[in-house]
Amino acid sequence: MSALKVSNLYRTFGKLKAVNGVSFEIPHGAVCGFVGANGAGKTTTMRIIASLDYPTLGKAEVCGINVVHHPAEVRKLIGWMPDHFGNYEHMTVLEYLDFYARALGYKGAERRQRIEEVMDFTDLGPLASRFSNKLSKGMTQRLGLGRALLHDPQVLIMDEPAAGLDPKARVELKHLIRVLAEEGKTIFISSHILSELGEMCDSLLFINEGRIVHHGDAESLKTGSDAVGGLLYDVQVEGDPQAVSDWCVLQPNVEFLETRKQGGRIRIQSDETGAAADVLARMIKDHLRVTEYHREQRNLEDAFIDILGRLDQGQPAVPPPLPTPPSNN
Amino acid sequence: MSSLQLTDFSDRFPPMLVKELRQGLRAKTFIGVFLALQIFLAVMLFSASAASNSDQVGGIVSGVLFGFFAIAVIVVQPLRGTNALAAEIKGQTIDMMVLTRLSAWRIVFGKWFAIVSQSALLLSAIIPYLILRYFLGGMNLVGEIVFLFLLFLTSMGITAVTVGLSGCTSVIVRSLLPVIGLPFLAYILLMLSFSGAMGGGNSLIEICALDSTESRIGVLCYILAIIYLSYSLLSMGASLIAPAAENHSAVRRLLALALLAATAFSGFFELLDEAPTIILICLIAIPAVIIALVESGPLVQTVRRPFEKFGPPGKLLGHFLYPTWSSGVFFAVILTILAIISIFGHGLLIPGSTTMLRDFFSSSDADDKVIVFAIAGGFFFPALWQMIFFRGEGQRVANYLLILTGSYVLLGVLSALTNAMESSIFLLFFAWNPLVFLPIMDEGSFRDSTLLVAILFIVSLTFLALLLGAIRHAGSQHIGIDESEPTPPQAD
């Protein structure tokens, strides 16, 4: 039985199809990243799984339990961390966690123990008496994670938890997620920052316009059969950096990808390393004053752009099945 | 980690109450009102004790004391509820609460109970001043205590209104409450309490002394009405924030039906006089109809299943008790028809008694019937407009209340114009709104029996259009959420 199973899920708001036939499964103990542009349908899908919204059509299950039929049972199994949540006025961090622990049904010593455990885990102890609406974004996210973990859920659903965090807070959050993954929790996490998801996740789901357009693990996306072929090079020149993109327009098999400080990033449509030497030779011959020319690894952003590009060209996206992660149990 | 323990509230307290009290007792509004009331009352009693004619001064002290207490608990405290649920919705904290074991009802009830508890603190704070005031003389002990209790009860009712409607995210609607409703209410209460204190005739304090059977029945009916209204509004608030699987509408509607049946029964056998029967029927039916007409929940299997267990009769009953818009319309129409029968059928089961129901189309009392149908139709008119012009499920409460307010504003403007102008033929252009029949009837150009036929036609048309819309909506809901083996809709 999967930790999360979504079948033919649709959600419409008036004429807007926010989720348009999404299906996927996430096995127990997996960390799955959910990737998509703003408005792609990530939050709506996650809210349906968390039993906070309902599907127009289709089915979502957590550990085999239907989220619409048995929301109360589902809620015992999941921890939900939204992208943004307001904190309460006149309420300390300790009181905040105490309220949610009470609301989850914990009493007396057991409640105090649960609060202590999550405060230790999220390092909120020193902030216990601070008002929750006076916390920094990073501290607030730790508080949100602590709240989501109070009832020790099997599945953690995190919607953009790293949004707006400074680098230090981001590293801390990543560490906490890794620890939770090692404890065997199933984590379903959405983010815009693909490089981070690549480091944390066993698998990635790409969603676009309400449809899943790709499943796969991070490594196969970078190097596997899904990757669009070609060699990626960073080119820096002396003088006008625009010259690189202008030059690329005139070249067959060379594509200009993005502008950088003194040049840009290009894709050479060949898998032979000799082709890169030829391109450099042509640049020099055409009087481009190249100061830097080095190969770059294909990253997840490239993979995402490639997939969207293929969709734009009308190629159907047939997501392969998700890989089974190594079992922690 | 012992320093991390919280010992301010026992485990027995409901979580929402603990949270709200922790926040509320630190809020500047509460602290400000509490201190201001204490300082004001202390200064007032000190000044009054120095006055020579203590009997007269005692009455004035009571009036002022009740007046300021009324402002505190009927205006300031309920105002704190206007944002109660909206703030949680806006901050997305409501989602996190819903994911705990707290049901939507416990969340709303906890919010209300916390504000009421703080009002109770204010009440307990003025009791020492009331005891001191007793020694100034001229005190109607029972009357003033019951009056104080009724003030507190009224505060509970108004707080339920503000907390219940705070689930509506429209800022305009939530602003209308304090801007229009509360100052008006405070003005009336102040006038009543001052006139009572100054020795005005049949004052509220005298009624509250419970000297006569009528006053005892009146106070009892008021208490029951406030409890029912509070429950209805809080239950509506719960519906607004409840997940799809929770059905708060069924119990609310069944309660309204049961209370209406009991009142109608009392009326049919003349156990109650006609006037209190009509007032009670209106108090029961109006909130139930309005709340039913603004329902916007989806219909999921979890909600359908308990009804489907009873076969076709259960399914049929479900169509009146599901938390959906169409079921709300079906229920509202049925309840309104029953309420109208109950109003006109007073004494129906007493042999020889004449009732308006028996000679419905005779010209006698046609004006009463026009008034009843105009007011009843006035509650359905906004629902019809909403169905035609605002098809989305969101903001149903806000749209309804705004159209209803607009409808009454139109009524006021037309009434004023009718008084100012010699001709009132222009009123007929607005006769699509049932409420407009009130100034038409008032103006007197048409016979009451003609107006009765016309209003029946307009109201029937309104009902019919709404019912057709509701039947269509109910049909679409059956294919709305099918979690079993879905067939995907056609892609664009």
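Naming convention: chains lettered A, B, ... in sequence-line order (proteins, then strands); numbering from 1 in each chain. What you see below is based on every heavy atom in this structure, not just the backbone, and it leaves out hydrogens, waters and symmetry mates.
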> Measure distances from B:Arg106 to the heavy atoms of chain A and classify the residue's part below 4.5 Å as side chain, backbone, both or neither.
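It is neither, since no heavy atom gets under 4.5 Å.
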> Which region of A:His84, side chain (C-beta onward) or backbone (N, CA, C, O), has a non-hydrogen atom less than 4.5 Å from a non-hydrogen atom of chain B, or is it both or neither?
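The answer is both parts of A:His84.
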> Rounded to the nearest 0.5 Å, what separation is found between the NZ atom of A:Lys76 and the NE2 atom of A:His70?
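Rounded to the nearest 0.5 Å, the NZ-NE2 separation comes out at 12.0 Å.
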> So for A:Ile78, is it side chain, backbone, both, or neither that comes closer than 4.5 Å to the heavy atoms of chain B?
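Side chain only.
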> With under 30° as parallel and over 60° as perpendicular, where do the rings of B:Phe109 and B:Phe113 fit, or are they tilted in between?
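The rings of B:Phe109 and B:Phe113 lie parallel, inter-plane angle below 30°.
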> Would the distance check show the side chain of B:Arg304 and the main-chain N or O of B:Tyr322 forming a donor-acceptor pair, the cut-off being under 3.5 Å?
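It does not hold such a pair.
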> Should the pair B:His473 and B:Trp325 be assigned to parallel (<30°), tilted (30 to 60°) or perpendicular (>60°) ring geometry?
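Geometry flag for B:Trp325 against B:His473: perpendicular rings.
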> For the ring pair B:Phe9 and A:Phe99, is the centre-to-centre distance below 6.0 Å?
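Not close enough - the centres of the two rings lie 6.0 Å or further apart.
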> Need one label for A:Tyr96: side chain, backbone, both or neither, based on atoms under 4.5 Å from any heavy atom in chain B.
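For A:Tyr96, the contact with chain B is made by the side chain alone.
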> Select one option (side chain, backbone, both, neither) describing which atoms of A:Leu104 are under 4.5 Å from chain B's heavy atoms.
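Its backbone and side chain both get close to chain B.
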> Which answer fits B:Ser10, side chain, backbone, both or neither, if we ask what part of it has an atom under 4.5 Å from a heavy atom of chain A?
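Backbone of B:Ser10 only, per the 4.5 Å heavy-atom cut-off to chain A.
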> Which atoms of A:Ala72 come close to chain B, meaning under 4.5 Å heavy atom to heavy atom: side chain ones, backbone ones, both, or neither?
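Neither part; nothing is under 4.5 Å.
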> Who among B:Lys90, B:Glu88, B:Met16 has the most heavy-atom pairs with chain A under 4.5 Å?
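Of the options given, most contacts go to B:Glu88.
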> Any chance the side chains of B:Thr159 and B:Thr162 put a donor and an acceptor closer than 3.5 Å?
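Per modelled atom types, B:Thr159 and B:Thr162 side chains form no pair under 3.5 Å.
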> Checking heavy atoms, do the side chain of B:Val18, its backbone, both or neither come under 4.5 Å from chain A?
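B:Val18 touches chain A through side-chain heavy atoms alone.
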> Within 45° of the ring axis of A:Tyr54 and under 6.0 Å from its six-membered ring centre, is that where the NZ or CZ of A:Arg11 lies?
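The answer is yes; both the distance and angle limits are met.
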